[in-house]
Amino acid sequence: MHRRLIAPGALAVSLLLAIPASAADYEPGAPGIGDPYYPAYGNGGYDVSHYDLRLTYQPATDRLEGTATLLARTTQDLSRFNLDFVLDVSEVRVNGTRASFATSGQHELEITPKTPLPKGTPVTIVVRYSGVPSSKQAYGFTSWHRTPDGGVAANEPEAAWWWFPSNDHPLDKATYDVSVAVPDGSQAISNGTLQSATSRAGWTRYSWRSNKPQATYLATLAVGRFDLTTGRTESGIPVINAYSKDLGDNAGAARASIERTGEIADWLAEYFGPYPYNALGGYVPNVTTGYALETQTRPFYSPRQFANGSNVSVVVHELAHQWYGDLVSVAGWKDIWINEGFARYAQWLWSEHEGEGTAQELADYVYASHPADDAFWKVRPGDPGPENQFDIAVYDRGALALQALRNEIGDEAFFAILKGWPAKYAYGNATVADFRAYAEQVSGRSLEGLFDTWLYQPSKPGAPAARGAGVASRSGAVKAPKSWKRIAATNSVHDH
């Protein structure tokens, strides 16, 4: 037998490592995740892996009751933590034991577990709650849409607070089970696949599952009276679409657009890689708002998007987000160009596909349409600021930057980037700086100047820079491509 001698100093270190952290070492998690655009959004100290939401909703009164179970893991020695939520909480349990709770700020639920939680601890959080979502406001607004036959949760950058407690920031993505009981005759629509629909005593419970990581703002709930259509894409993805029974004159145009979802998703896969989820669709509730939103696997569309006829371009936009925005989500809200510039550029590619104007012609037109003193050029798509996060410049100037990149590095490298980027950061998060680094890696070119000119300078790129990037190189007046009116008709997608 060999004995190993331990020096006194090493013994002291090993004993110290065996001693658990004292109560003084545990600290509250931060009330925000650290996003400079929205300092109070999200929370620190833990990471959620799964949300299980079991809800009951009464359309006649807009009353929602629920139990949310969150599976998480601590990322620090935690004495207290926050969830983002505005409804009324009746009970909280942490790892099976009752926890004390209080509210603070506009949307913070502060939870203090009975015993502190060491870093790396698996945590099960159960929150029982109820309330009338349409009666609750934070920062002077609500993201809950009350409809004549129910209610809808869909907004960006925040929507979760009005229907489930969460760590509400794209950095903390999770999987979801959403089960909602509604009176017979109503339906509950959410993300992912419909696992079951069972009726009992005048109520039907719809259970949906999203089995891939999903940002909180991309989770959606719609209760109302819908007509459902089902099918499959050519690649085999199941499609469920839902249309309010109360769309009136917009019903035909909405269906003529959204029923092409499978076709468009298969087409986009040629540019962006395989469709990344096991479910697909879209829904149109009878809301009065004007925007659309890329809620994961099942985008939300307002009826107003179809007021002037079919609008396939908006479907292209929201489905492009399934890769750019959903599969790869922003690391911070300043990186919004990664979402919107690319979804807009997908509309330009669709215009090429339809023979209604090339991406180059659309870029030339955008450049020529805005004089140098237009406020359009003051917005920097690469970091627009929270007040301009959904400004039209993030969309159009953002797409213009992509055409400049395409011209700079050539089609082969450009389309390799469009397809390779979602694969590289699949189900995660990334920044504009990450995209530039990836584009430089694939193209073998230094792109600092191009990105600075087209994404970060608060001024119109001058004629030499434009010509150098292959933009506005045609002489004389630049005519609007045939697709421009259809693309411009989708501008209200940014009116959140």
Side-chain angles (χ1 to χ4, degrees), residues 271 320 324 336-338 340-384 388 391-421 432-433 435-488 491:
Y271 290 97
Y324 282 85
I336 192 66
W337 173 70
I338 294 292
E340 303 303 346
F342 290 75
R344 178 63 105 207
Y345 196 77
Q347 294 176 270
W348 291 12
L349 293 175
W350 180 257
S351 174
E352 285 190 1
H353 174 70
E354 294 290 277
E356 295 185 342
T358 65
Q360 181 67 59
E361 290 167 341
L362 286 159
D364 290 346
Y365 183 72
V366 167
Y367 181 85
S369 296
H370 298 277
D373 60 354
D374 193 326
F376 176 88
W377 300 108
K378 299 297 183 185
V379 176
R380 303 178 304 154
D383 188 0
N388 290 318
D391 189 274
I392 192 62
V394 176
Y395 294 66
D396 283 349
R397 188 178 174 186
L400 179 58
L402 284 170
Q403 184 61 29
L405 174 65
R406 180 180 176 180
N407 292 339
E408 175 78 13
I409 65 177
D411 276 9
E412 183 177 354
F414 179 76
F415 288 111
I417 289 166
L418 282 192
K419 186 172 289 187
W421 167 263
V432 175
F435 182 84
R436 178 189 140 197
Y438 181 72
E440 289 180 333
Q441 174 191 336
V442 173
S443 67
R445 306 278 290 275
S446 173
L447 299 171
E448 180 180 2
L450 183 139
F451 272 69
D452 182 63
T453 297
W454 295 95
L455 289 182
Y456 290 102
Q457 289 300 317
S459 57
K460 184 174 183 175
R467 285 194 297 270
V471 176
S473 56
R474 292 180 289 163
S475 58
V478 179
K479 185 179 178 182
K482 185 178 179 181
S483 62
W484 180 252
K485 284 188 176 180
R486 286 195 180 92
I487 293 172
N491 286 349

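Numbers here simply count residues along the sequence, with the first being 1.
Under a 3.5 Å cut-off, the side chain of S351 and the backbone N or O of G357 do form a donor-acceptor pair. Checked by atom type and distance alone, the side chain of W337 never pairs as donor or acceptor with a backbone atom of P381 at under 3.5 Å.
With rounding to the nearest 0.5 angstrom, the CD1 atom of I487 is 14.5 Å from the OH atom of Y395.
Under the side-chain hydrogen bond (donor to acceptor under 3.5 Å, both in side chains) criterion, E354 pairs with no residue at all, not counting sequence neighbours. Under the side chain to side chain contact (heavy atoms under 4.5 Å, CB included) criterion, P384 pairs with Y37, I336, V379, N388, V394, not counting sequence neighbours. The ring pair (Phe, Tyr, Trp, His ring centres under 6.0 Å) check on W348 picks up Y345, with sequence neighbours excluded. Applying the side chain to side chain contact (heavy atoms under 4.5 Å, CB included) rule to A375 yields no partners; only residues at least two apart in sequence or on another chain are considered. For A488, the side chain to side chain contact (heavy atoms under 4.5 Å, CB included) partners are W484, N491, not counting sequence neighbours. R486 is linked by a salt bridge (charged side-chain N to carboxylate O under 4.0 Å, His left out) to E356, counting only residues two or more places apart in sequence or in another chain. In this view, F415 and Y271 satisfy the ring pair (Phe, Tyr, Trp, His ring centres under 6.0 Å) rule, not counting sequence neighbours. Scanning for side-chain hydrogen bond (donor to acceptor under 3.5 Å, both in side chains) contacts around N407 gives Q360, Q403, with sequence neighbours left out. Remark: F376 pairs with H370 by the ring pair (Phe, Tyr, Trp, His ring centres under 6.0 Å) rule, at least two apart or across chains. In terms of the side chain to side chain contact (heavy atoms under 4.5 Å, CB included) criterion, residue partners of A463 (sequence neighbours excluded) are, by chain and number, R467. In this structure Q457 satisfies the side-chain hydrogen bond (donor to acceptor under 3.5 Å, both in side chains) test together with D452, sequence neighbours excluded. In this view, D373 satisfies the side-chain hydrogen bond (donor to acceptor under 3.5 Å, both in side chains) rule with no residue, not counting sequence neighbours.
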Just do the salt bridge (Lys or Arg N to Asp or Glu O under 4.0 Å) check on E340 and R344 with the steps written out, would you?
CA-CA 6 Å; E340 303 303 346; R344 178 63 105 207; over 6 Å; no
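Taking each heavy atom of G341 and L402 in turn, the nearest pair found is O-CD1, 3.6 Å.
Ring orientation note: the planes of Y367 and W454 are tilted relative to one another, at an angle of 30° to 60°. Ring orientation note: the planes of F342 and Y324 are close to parallel, at an angle under 30° on the 30°/60° scale.
Atom NZ of K460 has more than 12 heavy atoms from other residues, nucleotides or ligands within 6.0 Å.
At a threshold of 4.5 Å between non-hydrogen side-chain atoms, the residues L450 and I409 do not count as touching.
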